[in-house]
There are 2 protein chains.
Amino acid sequence: MRKRKGAGRPTISDVAEKAGVSTITVSRALRDPSKVSDHLRRKIDNAVKKLNYVPHSHASALASTRSNIIGVIVPSLTNNVFADTLRAIYDAFDQGAYQVQLGNSRYVAKEEERLVRTFLGQGPSAMIIAGTDQTDVTRELLENAPCPVVQIMEIGDDPIDMMVGFSHFEGGRAAGMHLVQKGYKRIGFLGARMDPRSHRRMEGFKEAMRSGGRYDPDLIMTTTTSSSVTLGAELIGQLRARRPDLDAVFCNNDDLALGALFGCQKAGISVPDDMGIIGFNDLEMMAASYPSLTSIRTDRYAIGKHAVAMIQSALEGEMPDQKIIDVGFELQQRESTSRKR
Amino acid sequence: MRKRKGAGRPTISDVAEKAGVSTITVSRALRDPSKVSDHLRRKIDNAVKKLNYVPHSHASALASTRSNIIGVIVPSLTNNVFADTLRAIYDAFDQGAYQVQLGNSRYVAKEEERLVRTFLGQGPSAMIIAGTDQTDVTRELLENAPCPVVQIMEIGDDPIDMMVGFSHFEGGRAAGMHLVQKGYKRIGFLGARMDPRSHRRMEGFKEAMRSGGRYDPDLIMTTTTSSSVTLGAELIGQLRARRPDLDAVFCNNDDLALGALFGCQKAGISVPDDMGIIGFNDLEMMAASYPSLTSIRTDRYAIGKHAVAMIQSALEGEMPDQKIIDVGFELQQRESTSRKR
DNA sequence: TTGTATGCGTTATCAA
DNA sequence: TTGATAACGCATACAA
């Protein structure tokens, strides 16, 4: 007697037996109820409940070469921006039949490629990946993937499949234009990490400077060091050392902006009168600081929600309303750029 | 000819054929190389490389009733504290043969229970779960789980299996004692969310107040609202309205502390002379703010690293050095509590 | 140390 | 609409 016993939990054949049908009928009833007659469906549903049957996802994945995994790849786990989007994704999927599988690429393209390979190897139901700067190989892997793919956080002309986000170029431009309009003259840029999205924000900023007649490359200060509040204070200190006439900065992100504010306060520079500051993303703290900080508000939670909605409709075979969703952004003007002229 | 084709990728029998051995030998060579002779092992390794063979995790899970999943359950995705620990966990597992599966319980015990059920249903290799306040059912499920279980973030007397963290009670006590020692007299407590760990920090604080002769329940202000910088400013405003003589606060966490600082600045109250402020966790911004903020430093990354190390040694059958690891905490005194007496 | 025969729980295929 | 049967890819039990 060499019966191997599994985890001991009820299987699909237990359900089939109890309902007096075959296993395949149970399988069908569970995956597409419309393929089974009402009569049997009711019997099966009852049996499922009575036995407290839970489908075995590994067996299902093996037999169908398709798993219930939703692969999600982001470049950072600690960046609040992605955390908000992840929360939306988890909120949307946690109740359903799908399992979110998260990967952290650490802003390294090769890592991202490895993760895509790993996830694709599991036959995921869908993939969500941050940004549009995949390597050629990654791109090809995803283009050939037999599942919906959503690129999130930003938008572009050439989606792998679907996209949700906003234009970082335009966001950067709006920030720059705001400083020009407020009458600041020597407007700097502080940038940390300088990943592709940061670059595009910077390009948008430069464009605004040019069109406003304020472009001065000497006022741009960037580093590939990862962003932090401390770094913001350091960078503004360095830029002021180089250019004491600096009177405003657009910061790559809100951490830097808060740091720049602290740096100014420490140096006795009045914000917004002697220095205008604008950040990016509008994290919660921006409205609470003193003085409050102007920022470009982005709706990261909405990005996650849209991504899931797109996937779900694709999985249900519907053509999505649009392949590219622009959630936009919104300037939140606050005290840090509201100087009395 | 009713051959079903899989994903088309090489299987273990392709490897076996190429290496001229049986499939089980390949299987063994991959899982425990010491069980196979050097000679065959080399042949197998070569075949694996040539074919670019990747084990099929679902098939493996099905056959062994054990998956390579590491289940991780945290109460929040956006709280930096957990983000740091998650990053450590992902850093440690990303390269290896394990897949991290993340769940967000949203601080809801029933959600946590549901997630534990879901994960356990997958036959995980290990479980990591935040805190020590599981429901009785959750606890029993985990106690009977046929895999290592690590509770993280805090420690206690009665681990389900293993634990890594520190005493929040002692952390709160240290914060309170610091304020007493600095000569503050009417010392308040600001608490948001008030999850179990927050409660224990508060109890530690109370203990410090009692032993310092400064206990005054009227100075304690808590809310179950989730923490934010904005909330910190609001809470200190409310507490000052009730008790204008308040001269120091211990904040539940750093967001609140930063908010309290902003609230004081807005109200024209000097920190630290008229108001001492101490936070908890010592997020990066605390050292950068102006004035810099005192906090209790905790090493969240180390917690994640230790948790993974404990799991790995348990998985390798070793008895871990200790079932409970206390990573401790450290008072970081800064300007916000450094008043001139 | 290595191999043979099965079984893991589900779904694709084909037939009724 | 339903069912019988053979995969899916790997690991366990047992034998050699």
Side-chain angles (χ1 to χ4, degrees), chain A residues 1-44 47-48 51-69 97 121-123 125 146, chain B residues 1-44 47-48 51 53-68 97 121-123 125 146:
Chain A
M1 193 101 320
R2 53 216 292 268
K3 188 105 158 270
R4 265 209 280 173
K5 78 147 179 292
R9 71 189 200 191
T11 72
I12 203 170
S13 38
D14 294 330
V15 176
E17 193 175 346
K18 189 162 196 88
V21 299
S22 72
T23 61
I24 187 65
T25 304
V26 175
S27 177
R28 283 197 272 253
L30 263 38
R31 285 176 299 155
D32 188 353
S34 73
K35 293 193 148 189
V36 170
S37 65
D38 284 9
H39 177 60
L40 290 186
R41 181 150 26 97
R42 255 192 303 279
K43 279 180 137 177
I44 291 168
V48 165
L51 294 173
N52 198 12
Y53 168 73
V54 179
H56 193 292
S57 58
H58 297 298
S60 168
L62 178 59
S64 65
T65 63
R66 183 130 310 282
S67 76
N68 65 157
I69 288 172
Q122 314 222 42
S125 288
Chain B
M1 192 96 328
R2 49 216 296 267
K3 188 108 159 267
R4 261 209 286 175
K5 77 148 180 288
R9 70 190 203 189
T11 72
I12 201 168
S13 38
D14 295 331
V15 177
E17 194 175 347
K18 187 161 198 89
V21 299
S22 70
T23 62
I24 186 63
T25 304
V26 176
S27 176
R28 282 197 273 252
L30 263 38
R31 284 175 300 151
D32 187 353
S34 73
K35 291 194 149 190
V36 171
S37 65
D38 283 9
H39 178 59
L40 291 186
R41 179 145 32 91
R42 255 192 303 280
K43 280 180 138 179
I44 291 169
V48 165
L51 295 173
Y53 168 74
V54 179
H56 193 293
S57 58
H58 298 298
S60 166
L62 178 58
S64 66
T65 64
R66 184 129 310 282
S67 76
N68 63 346
Q122 314 222 45
S125 288

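Judged by distance alone, the side chains of S57(B) and S60(B) never bring a donor and an acceptor atom under 3.5 Å apart.
Of the residues in residues 29-44 of chain B, those lying under 4.0 Å from DNA chain C by heavy-atom distance are V36(B), S37(B), L40(B). Within residues 11-25 of chain B, the residues that have a heavy atom under 4.0 Å from DNA chain C are, in order of number, V21(B), S22(B), I24(B), T25(B).
The shortest non-hydrogen separation linking H58(A) to Q122(B) is NE2-O, 3.5 Å. The nearest pair of heavy atoms linking A97(B) to N68(B) is O-ND2, 2.9 Å. Shown here for A16(A) and V26(A), the closest heavy-atom pair between the two residues is CA-CG2, 3.6 Å. Closest non-hydrogen pair, Y53(B) versus I12(B), comes out as CE1-N, 3.6 Å. Taking both residues in full, the closest heavy atoms of P55(A) and R9(A) are given as O-NH2, 3.5 Å, listed atom of the first, atom of the second, then distance.
As a whole-Å value, the separation of R66(B) CZ from dC10(D) P is 19 Å. Note: NE2 (H58(B)) to P (dA11(D)) measures 14 Å, nearest angstrom. Note: CG (N68(B)) to P (dG9(D)) measures 17 Å, nearest angstrom. Taking atom CZ of R28(A) as the reference point, atom P of dA12(C) lies 10 Å away to the nearest angstrom.
Note that OG1 of T23(A) is 11.0 Å distant from CG of D14(A), once rounded to the nearest 0.5 Å.
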Could you give the side-chain donor-acceptor pairs of residues 36-44 of chain A under 3.5 Å, partners two or more places apart or in another chain?
| unit_1 | atom_1 | unit_2 | atom_2 | d |
| --- | --- | --- | --- | --- |
| D38(A) | OD1 | R41(A) | NH2 | 2.4 |
| R41(A) | NE | P33(A) | O | 3.1 |

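Comparing dG9(D), dT11(C), dG9(C) by their nearest atom to the side chain of A59(B) picks out dG9(D).
Applying the 4.0 Å criterion to OP1 and OP2 of dA11(D), one finds that S60(B) has a side-chain N or O inside that range.
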